[in-house]
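Notes for the one structure printed next.
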Amino acid sequence: MSKEPTLHQRRIIYQARRGLKELDYYIDPYVKEHYLLADDDEQSAFERLLGYEDPDLLLFFLGQDSPDDEKVAHLIQKIKTLKYA
């Protein structure tokens, strides 16, 4: 991350640490490589994504369920398709 995060962004980054290996596999690289560079709408969707409980997030990332929030659903698909070096 090249941009200096605001206090609010730091809180979101801290909340992104889930502790569940399957979720961290997707979320950690996104936070490290993309979150601070994302536009306000995407950062807002990411914040809403973090409001879901871990079991629900796991179902979303595994494709077994989908969130009602269309922007969160789109962000999950984006996160799943990102390629990390």
Side-chain angles (χ1 to χ4, degrees):
M1 293 186 286
S2 59
K3 226 173 123 180
E4 185 65 31
T6 65
L7 181 59
H8 180 74
Q9 289 170 326
R10 288 175 194 250
R11 287 185 182 133
I12 297 303
I13 291 167
Y14 181 78
Q15 289 175 2
R17 291 191 251 166
R18 306 310 276 200
L20 187 61
K21 183 172 42 172
E22 293 85 349
L23 291 177
D24 289 340
Y25 172 81
Y26 292 108
I27 294 174
D28 285 352
Y30 173 80
V31 168
K32 291 176 183 171
E33 301 292 329
H34 296 279
Y35 173 68
L36 289 180
L37 302 175
D39 63 27
D40 291 342
D41 285 341
E42 187 171 305
Q43 286 189 10
S44 179
F46 185 68
E47 185 173 352
R48 292 193 306 278
L49 178 147
L50 296 178
Y52 287 94
E53 298 291 329
D54 287 357
D56 294 327
L57 285 176
L58 190 56
L59 291 175
F60 299 158
F61 277 102
L62 294 176
Q64 296 176 356
D65 199 357
S66 181
D68 294 333
D69 187 322
E70 186 177 316
K71 290 188 178 188
V72 171
H74 178 74
L75 179 58
I76 288 170
Q77 290 307 310
K78 177 181 177 175
I79 291 171
K80 288 171 60 173
T81 59
L82 289 174
K83 303 290 183 214
Y84 302 104

In Å, rounded to the nearest 0.5 Å, how long is the span from [atom1] of [X] to [atom2] of [Y]?
| X | Y | atom1 | atom2 | result |
| --- | --- | --- | --- | --- |
| Asp39 | Ser44 | CG | OG | 10.0 Å |
| Leu62 | Gln64 | CG | CD | 5.0 Å |
| Asp41 | Leu75 | CG | CG | 11.5 Å |
| Ser66 | Gln77 | OG | CD | 7.5 Å |
| Ile13 | His8 | CD1 | NE2 | 10.5 Å |

For this session: Check whether Tyr35 and Tyr14 end up in the same hydrophobic cluster, where Ile, Leu, Val, Met, Phe, Trp and Tyr are linked by side-chain heavy atoms less than 4.5 Å apart.
Result: no
Exercise. Are Leu23 and Leu59 in one and the same hydrophobic cluster, where Ile, Leu, Val, Met, Phe, Trp and Tyr link if side-chain heavy atoms are under 4.5 Å apart?
Worked result: no
Problem set entry | Test log, rule side-chain contact (heavy atoms from CB on, under 4.5 Å), inputs Lys80 and Phe61 | CA-CA 7 Å; Lys80 288 171 60 173; Phe61 277 102; 3.7 Å; yes
For this session: Decide if the gap between the ring center of Tyr30 and the ring center of Phe46 is smaller than 6.0 angstrom.
Result: yes
For this session: Work out which heavy atom in Ile27 is nearest to a heavy atom in Ala16; give both atom names and the distance.
Result: CG2-O, 3.6 Å
Exercise. Which heavy atom of Gly19 sits nearest a heavy atom of Asp24, and at what distance?
Worked result: N-OD2, 3.2 Å
Exercise. For the side chain of Asp65 and the backbone of Phe60, is there at least one donor-acceptor N/O pair under 3.5 Å apart?
Worked result: no
For this session: Report, as yes or no, whether the 6.0 Å neighbourhood of atom CG on Asp40 holds more than 12 heavy atoms from other residues, nucleotides or ligands.
Result: no
Exercise. Can you tell me if CD on Glu70 sees more than 12 non-hydrogen neighbours from other groups inside 6.0 Å?
Worked result: no
Exercise. Between Glu42 and Lys78, is there a salt bridge with N-O shorter than 4.0 Å?
Worked result: yes
For this session: State whether Glu53 and Arg18 are salt-bridged, where the test is any N-O pair (Lys NZ or Arg NE/NH1/NH2 against Asp/Glu carboxylate O) under 4.0 Å.
Result: no
Check: [Y] and [X] side chains under 4.5 Å, non-hydrogen atoms:
| X | Y | value |
| --- | --- | --- |
| Ile76 | Tyr26 | no |
| Gln9 | Ile12 | no |
| Leu57 | Leu49 | yes |

Exercise. Do His34 and Gln43 pass the side-chain contact (heavy atoms from CB on, under 4.5 Å) test, and can you show the C-alpha distance, the side-chain angles, and the key distance before you say yes or no?
Worked result: CA-CA 10 Å; His34 296 279; Gln43 286 189 10; over 6 Å; no
Problem set entry | Stepwise salt bridge (charged side-chain N to carboxylate O under 4.0 Å, His left out) check, Arg10 with Glu4 | CA-CA 9 Å; Arg10 288 175 194 250; Glu4 185 65 31; 2.5 Å; yes
For this session: Under the side-chain contact (heavy atoms from CB on, under 4.5 Å) rule, what do Tyr52 and Val72 come out as? Steps first, then yes or no, please.
Result: CA-CA 10 Å; Tyr52 287 94; Val72 171; 4.0 Å; yes
